[in-house]
Amino acid sequence: QVQLVESGGGLVQTGGSLRLSCAASGGAFSSYGMAWFRQASGGEREFVAAIRWNGAFASYADFVNGRFTISRDNAKNLVYLQMNSLKPEDTAVYFCAANVAGRDTSDQYEYQYWGQGTQVTVSA
(Lines give C-alpha, C1' and ligand atoms only; values in the text may rest on other atoms or scores of the structure.)
Protein backbone atom coordinates (compact mmCIF):
# COMPACT_ATOMS: atom_id res chain seq x y z
CA GLN A 1 0.00 0.00 0.00
CA VAL A 2 1.40 3.36 -1.03
CA GLN A 3 1.50 5.99 1.69
CA LEU A 4 2.14 9.68 1.19
CA VAL A 5 2.86 11.97 4.12
CA GLU A 6 3.10 15.72 3.69
CA SER A 7 4.99 18.09 5.97
CA GLY A 8 6.28 21.64 6.03
CA GLY A 9 3.06 23.57 6.18
CA GLY A 10 2.50 26.40 8.62
CA LEU A 11 1.77 30.08 9.08
CA VAL A 12 3.76 32.61 7.06
CA GLN A 13 3.41 36.28 6.25
CA THR A 14 2.65 37.64 2.81
CA GLY A 15 5.79 37.51 0.70
CA GLY A 16 7.30 34.70 2.73
CA SER A 17 8.38 31.22 1.70
CA LEU A 18 7.67 27.64 2.66
CA ARG A 19 8.95 24.32 1.44
CA LEU A 20 6.54 21.42 1.52
CA SER A 21 7.77 17.85 1.53
CA CYS A 22 6.00 14.62 0.69
CA ALA A 23 7.48 11.32 1.81
CA ALA A 24 6.38 8.21 -0.04
CA SER A 25 6.53 4.61 1.12
CA GLY A 26 5.19 1.24 0.12
CA GLY A 27 5.40 1.59 -3.65
CA ALA A 28 7.60 2.19 -6.68
CA PHE A 29 8.07 5.89 -6.09
CA SER A 30 10.68 6.39 -8.78
CA SER A 31 8.16 5.35 -11.43
CA TYR A 32 5.29 7.56 -10.25
CA GLY A 33 4.26 10.93 -11.51
CA MET A 34 3.86 13.22 -8.51
CA ALA A 35 1.82 16.33 -7.97
CA TRP A 36 0.66 18.91 -5.48
CA PHE A 37 -2.96 20.00 -5.29
CA ARG A 38 -4.60 22.39 -2.88
CA GLN A 39 -8.01 23.02 -1.43
CA ALA A 40 -9.05 26.24 0.24
CA SER A 41 -11.76 26.22 2.86
CA GLY A 42 -15.11 25.89 1.09
CA GLY A 43 -13.42 25.54 -2.28
CA GLU A 44 -12.71 22.84 -4.82
CA ARG A 45 -9.45 20.96 -4.94
CA GLU A 46 -7.20 22.47 -7.59
CA PHE A 47 -3.99 21.56 -9.34
CA VAL A 48 -0.80 23.33 -8.29
CA ALA A 49 2.16 21.51 -9.86
CA ALA A 50 3.24 18.10 -11.14
CA ILE A 51 6.48 16.39 -12.06
CA ARG A 52 7.16 13.41 -14.29
CA TRP A 53 8.58 10.17 -12.88
CA ASN A 54 12.15 11.04 -13.85
CA GLY A 55 11.95 14.72 -12.96
CA ALA A 56 12.62 15.72 -16.57
CA PHE A 57 9.37 17.63 -17.01
CA ALA A 58 7.15 19.63 -14.69
CA SER A 59 3.93 21.54 -15.14
CA TYR A 60 2.32 24.31 -13.14
CA ALA A 61 -1.03 26.00 -12.70
CA ASP A 62 -1.26 29.47 -14.21
CA PHE A 63 -1.63 31.12 -10.81
CA VAL A 64 1.82 29.87 -9.80
CA ASN A 65 3.39 32.40 -12.18
CA GLY A 66 6.96 31.40 -11.40
CA ARG A 67 6.58 31.51 -7.61
CA PHE A 68 6.60 27.75 -6.90
CA THR A 69 8.99 24.98 -7.89
CA ILE A 70 8.28 21.27 -7.72
CA SER A 71 11.18 18.84 -7.46
CA ARG A 72 11.84 15.26 -6.45
CA ASP A 73 14.56 13.05 -5.01
CA ASN A 74 13.97 9.49 -6.17
CA ALA A 75 16.79 8.18 -3.99
CA LYS A 76 14.99 9.44 -0.88
CA ASN A 77 11.38 8.92 -2.05
CA LEU A 78 10.64 12.59 -1.57
CA VAL A 79 8.88 15.27 -3.56
CA TYR A 80 9.06 18.96 -2.69
CA LEU A 81 7.16 22.13 -3.38
CA GLN A 82 9.17 25.28 -2.83
CA MET A 83 6.78 28.21 -2.48
CA ASN A 84 8.04 31.78 -2.62
CA SER A 85 6.30 35.15 -2.67
CA LEU A 86 3.30 33.68 -0.90
CA LYS A 87 -0.02 35.49 -0.96
CA PRO A 88 -3.09 35.23 1.29
CA GLU A 89 -4.93 33.52 -1.57
CA ASP A 90 -2.41 30.66 -1.37
CA THR A 91 -3.95 29.71 1.97
CA ALA A 92 -5.19 26.13 1.66
CA VAL A 93 -4.59 22.54 2.57
CA TYR A 94 -1.91 21.20 0.23
CA PHE A 95 -2.07 17.58 -0.86
CA CYS A 96 0.56 15.35 -2.39
CA ALA A 97 -0.61 12.82 -4.99
CA ALA A 98 0.91 10.00 -7.04
CA ASN A 99 -0.05 8.49 -10.40
CA VAL A 100 1.29 5.12 -11.48
CA ALA A 101 1.47 6.19 -15.13
CA GLY A 102 4.43 8.41 -14.28
CA ARG A 103 2.94 11.50 -15.93
CA ASP A 104 2.95 15.15 -14.92
CA THR A 105 -0.79 15.46 -15.43
CA SER A 106 -2.98 18.17 -13.90
CA ASP A 107 -6.07 15.93 -13.85
CA GLN A 108 -6.73 14.89 -10.25
CA TYR A 109 -8.69 11.84 -11.42
CA GLU A 110 -5.51 10.36 -12.86
CA TYR A 111 -3.95 10.15 -9.41
CA GLN A 112 -4.41 6.94 -7.46
CA TYR A 113 -2.74 7.82 -4.17
CA TRP A 114 -3.18 10.84 -1.93
CA GLY A 115 -1.73 12.15 1.28
CA GLN A 116 -3.71 13.64 4.16
CA GLY A 117 -2.61 17.19 3.45
CA THR A 118 -0.73 19.94 5.23
CA GLN A 119 -2.18 23.34 6.08
CA VAL A 120 -0.59 26.47 4.64
CA THR A 121 -1.81 29.79 5.99
CA VAL A 122 -0.56 33.09 4.61
CA SER A 123 -1.37 36.14 6.71
CA ALA A 124 -1.93 39.55 5.17
Side-chain angles (χ1 to χ4, degrees):
Q1 183 70 17
V2 175
Q3 291 190 323
L4 304 174
V5 179
E6 302 94 337
S7 61
L11 174 64
V12 65
Q13 292 184 334
T14 296
S17 298
L18 283 175
R19 188 176 81 156
L20 306 183
S21 299
C22 173
S25 62
F29 175 82
S30 62
S31 69
Y32 295 159
M34 299 297 297
W36 290 94
F37 289 80
R38 71 184 188 183
Q39 187 169 17
S41 179
E44 299 289 323
R45 188 160 58 187
E46 63 178 351
F47 170 73
V48 178
I51 189 166
R52 206 166 288 186
W53 67 275
N54 60 358
F57 294 95
S59 57
Y60 296 90
D62 289 343
F63 65 78
V64 169
N65 199 23
R67 300 181 298 129
F68 298 174
T69 302
I70 188 170
S71 61
R72 65 189 297 159
D73 185 338
N74 283 351
K76 297 181 178 179
N77 286 7
L78 289 167
V79 63
Y80 305 101
L81 184 68
Q82 176 67 44
M83 303 188 295
N84 300 324
S85 302
L86 283 162
K87 307 174 183 180
E89 52 263 44
D90 294 317
T91 295
V93 177
Y94 283 71
F95 298 92
C96 173
N99 77 79
V100 300
R103 300 178 58 212
D104 56 324
T105 175
S106 61
D107 184 350
Q108 61 178 303
Y109 297 105
E110 294 194 37
Y111 289 85
Q112 294 79 33
Y113 303 108
W114 292 83
Q116 294 299 306
T118 185
Q119 176 70 48
V120 171
T121 303
V122 185
S123 63

Atom pairs and distances, donor-acceptor, side-chain atoms in residues 23-35, under 3.5 Å, two or more places apart:
unit_1: Ser31; atom_1: OG; unit_2: Ala28; atom_2: O; d: 2.8
unit_1: Tyr32; atom_1: OH; unit_2: Ala28; atom_2: N; d: 3.2

Checklist entry - Residues sharing Trp53's hydrophobic cluster, by side-chain heavy-atom contacts under 4.5 Å among ILVMFWY, directly or via others? => result none
Checklist entry - Applying salt bridge (Lys or Arg N to Asp or Glu O under 4.0 Å), which residue pairs with at least one partner in residues 40-50 are found, sequence neighbours left out? => result Arg38-Glu46
List the atom pairs, with distances to 0.1 Å, where a side-chain N or O of residues 114-124 and a protein N or O form a donor-acceptor pair under 3.5 Å, not counting sequence neighbours.
unit_1: Trp114; atom_1: NE1; unit_2: Tyr111; atom_2: O; d: 3.4
unit_1: Thr118; atom_1: OG1; unit_2: Gly9; atom_2: N; d: 3.2
unit_1: Gln119; atom_1: NE2; unit_2: Ala92; atom_2: O; d: 3.4
unit_1: Gln119; atom_1: NE2; unit_2: Thr121; atom_2: OG1; d: 3.3

Checklist entry - Which other residues belong to the hydrophobic cluster containing Phe57, where Ile, Leu, Val, Met, Phe, Trp and Tyr are joined when side-chain heavy atoms lie under 4.5 Å apart, directly or via other members? => result none
Next on the checklist: Could you measure the distance from the OH atom of Tyr94 to the CZ atom of Phe37? Nearest 0.5 Å is fine.
Outcome noted: 13.0 Å
Show me, pair by pair, the donor-acceptor contacts under 3.5 angstrom made by side chains of residues 78-87, not counting sequence neighbours?
unit_1: Gln82; atom_1: NE2; unit_2: Asn84; atom_2: OD1; d: 2.9
unit_1: Asn84; atom_1: OD1; unit_2: Ser17; atom_2: OG; d: 2.9

Item to check | Qualifying disulfide (SG to SG under 2.5 Å) pairs with a residue from residues 55-124, counting only residues at least two apart or across chains | outcome: Cys22-Cys96
Checklist entry - Which value, rounded to the nearest 0.5 Å, describes the distance between Leu20 atom CG and Phe95 atom CZ? => result 12.0 Å
Checklist outcome for this item: Cluster membership besides Leu11, Ile/Leu/Val/Met/Phe/Trp/Tyr side chains within less than 4.5 angstrom, sorted by chain and number, is none
Checklist entry - Is there a donor-acceptor contact under 3.5 Å from the side chain of Tyr60 to the main chain of Ile70? => result yes
Checklist entry - Does any pair with a residue in residues 110-123 pass salt bridge (Lys or Arg N to Asp or Glu O under 4.0 Å), and if so which ones, sequence neighbours excluded? => result Arg103-Glu110
Next on the checklist: Treating Gln112 as the side-chain partner and Val100 as the backbone partner, does any N or O pair qualify as donor plus acceptor under 3.5 Å?
Outcome noted: yes
Checklist entry - Could you give all pairs that pass the salt bridge (Lys or Arg N to Asp or Glu O under 4.0 Å) test and reach residues 67-85, with sequence neighbours left out? => result Arg67-Asp90
Next on the checklist: Just so I know, are the side chains of Phe47 and Asp107 near enough to count as touching, which here means a heavy-atom distance under 4.5 Å?
Outcome noted: no
Item to check | Phe63 and Val48, any side-chain heavy atoms less than 4.5 Å apart | outcome: yes
Next on the checklist: Test: salt bridge (Lys or Arg N to Asp or Glu O under 4.0 Å). Region: residues 5-34. Which pairs qualify, not counting sequence neighbours?
Outcome noted: none
